[in-house]
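In what follows, every heavy atom counts, from backbone to side chain, and hydrogens, waters and symmetry copies are set aside. The structure presented is a predicted model; accordingly, all values stated were derived computationally and were not measured.
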Amino acid sequence: MSPPLMQFALDEARAAAARGEVPVGAVLVRGDEMLARAGNRTLVDRDPTAHAEMLVIRAAAARLGSERLLDCDLYVTLEPCAMCAAAMSFARIRRLYFGAVDPKGGAVEHGPRFFAQPTCHHRPEVYSGIGESESAALLKEFFAARR
């Protein structure tokens, strides 16, 4: 069983799948306060940047009235892509917890390894494999149904 905050992200991923979206969900918290939660909405919103991570970062920044999300932690079911990793860096996210790895599109432990680049201005603490089996199973089921 995944930690409680990752369960909220998994719930968002399931809701995204029900909308026909790639099942990725995210939750952004500060201390005990959940600031935002979302699932992918690229198809629904007709927006290629509407990844779950981007949506929670935007919502939390609006809620806090600041582009800096200091002392905030982000939970996401899939290893973030380069766009989302960059947004986390710019927002100064404190910690990133993610579930399944993404060897093709991931940019934290795979691909460009964004946070390891010398041009990266802020590096969150990264914890991978949180709820990995549940996150990976959602993705596998989603893509198997489309083949």
Side-chain angles (χ1 to χ4, degrees), residues 1-103 105-117 119-142:
M1 188 68 156
S2 298
L5 290 169
M6 188 56 84
Q7 280 300 319
F8 289 116
L10 285 161
D11 290 344
E12 291 294 333
R14 288 183 196 95
R19 292 190 298 272
E21 301 276 359
V22 174
V24 177
V27 175
L28 202 143
V29 299
R30 184 176 62 183
D32 293 333
E33 181 183 13
M34 186 181 306
L35 297 173
R37 58 188 284 177
N40 275 359
R41 295 187 58 86
T42 59
L43 300 174
V44 173
D45 291 356
R46 304 276 188 252
D47 178 356
T49 70
H51 291 193
E53 303 96 306
M54 299 295 287
L55 296 172
V56 296
I57 288 170
R58 289 177 190 148
R63 183 170 176 178
L64 296 176
S66 175
E67 74 284 3
R68 304 292 170 136
L69 301 177
L70 304 173
D71 301 321
C72 292
D73 302 333
L74 195 149
Y75 292 77
V76 62
T77 59
L78 182 65
E79 178 181 355
C81 70
M83 171 183 68
C84 294
M88 288 175 216
S89 179
F90 294 142
R92 306 298 194 260
I93 298 294
R94 177 178 60 180
R95 293 186 194 107
L96 164 65
Y97 299 88
F98 73 86
V101 296
D102 186 357
V108 177
E109 292 183 353
H110 296 86
R113 299 177 191 258
F114 188 87
F115 301 130
Q117 298 304 312
T119 54
C120 180
H121 298 291
H122 171 79
R123 294 160 181 81
E125 294 175 30
V126 176
Y127 302 90
S128 62
I130 311 299
E132 182 174 16
S133 59
E134 292 167 89
S135 299
L138 271 174
L139 289 157
K140 285 177 187 166
E141 291 166 17
F142 178 82

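Annotation: salt bridge (Lys or Arg N to Asp or Glu O under 4.0 Å) contacts of E125 (sequence neighbours excluded): R95. Contacts of D102 classified as side chain to side chain donor-acceptor pair (under 3.5 Å), with partners at least two apart in sequence or in another chain: none. For S66, the side chain to side chain contact (heavy atoms under 4.5 Å, CB included) partners are R68, not counting sequence neighbours. Taking the side chain to side chain contact (heavy atoms under 4.5 Å, CB included) definition, one finds that E53 meets it with V24, H51, L74, V76, P80, C84, M88, sequence neighbours left out. Taking R63 as the reference, E33 meet the side chain to side chain donor-acceptor pair (under 3.5 Å) condition, with sequence neighbours excluded. Looking at residues two or more places apart in sequence or on another chain, you find a side chain to side chain donor-acceptor pair (under 3.5 Å) between D45 and R41. Contacts of R123 classified as salt bridge (Lys or Arg N to Asp or Glu O under 4.0 Å), with partners at least two apart in sequence or in another chain: none. Remark: A136 engages A100 in a side chain to side chain contact (heavy atoms under 4.5 Å, CB included) (not counting sequence neighbours). The side chain to side chain donor-acceptor pair (under 3.5 Å) test applied to R14 returns D11, not counting sequence neighbours. Every side chain to side chain contact (heavy atoms under 4.5 Å, CB included) that S128 has, sequence neighbours left out, goes to F98, E109. In this view, Y127 and Y97 satisfy the ring-ring contact (aromatic ring centres under 6.0 Å, His included) rule, not counting sequence neighbours.
Rounded to the nearest 0.5 angstrom, R94 CZ and D73 CG are separated by 4.0 Å. Remark: R37 CZ to L35 CG distance equals 13.0 Å, nearest 0.5 Å. Interatomic distance, I93 CD1 to D71 CG, rounded to the nearest 0.5 Å: 10.5 Å. The line from OG1 of T42 to CG of L55 is 9.5 Å long, rounded to the nearest 0.5 Å.
With hydrogens and angles ignored, the 3.5 Å screen pairs no side-chain donor or acceptor of N40 with any backbone N or O of E21. Distance alone, capped at 3.5 Å, places no donor-acceptor pair between the H122 side chain and the A91 backbone. Between the side chain of Q117 and the main chain of P112, a donor-acceptor pair closer than 3.5 Å is present.
Of all heavy-atom pairs spanning A107 and C81, the tightest one is CB-C, 3.5 Å. Of all the heavy atoms in D47 and R58, the pair that sits closest is OD2-NH1, 3.9 Å. Smallest separation of non-hydrogen atoms from S135 and G99: OG-CA, 4.0 Å. What you find for A13 and G25 is that their closest heavy atoms are CB-N, 3.5 Å. Residues A36 and V56 share a closest heavy-atom pair of CB-O, 3.7 Å. The nearest pair of heavy atoms linking L96 to F115 is CD2-CE1, 4.0 Å.
The side-chain heavy atoms of I57 and L28, taken from C-beta on, include a pair separated by under 4.5 Å. Side chains of V22 and L139 form a contact here, defined as non-hydrogen atoms less than 4.5 Å apart.
Sorted by first and then second residue, the side chain to side chain donor-acceptor pair (under 3.5 Å) pairs with a member in residues 74-93 read E79-H110; sequence neighbours excluded.
Remark: F8 CZ is loosely packed, at most 12 non-hydrogen atoms of other residues, nucleotides or ligands lying under 6.0 Å away.
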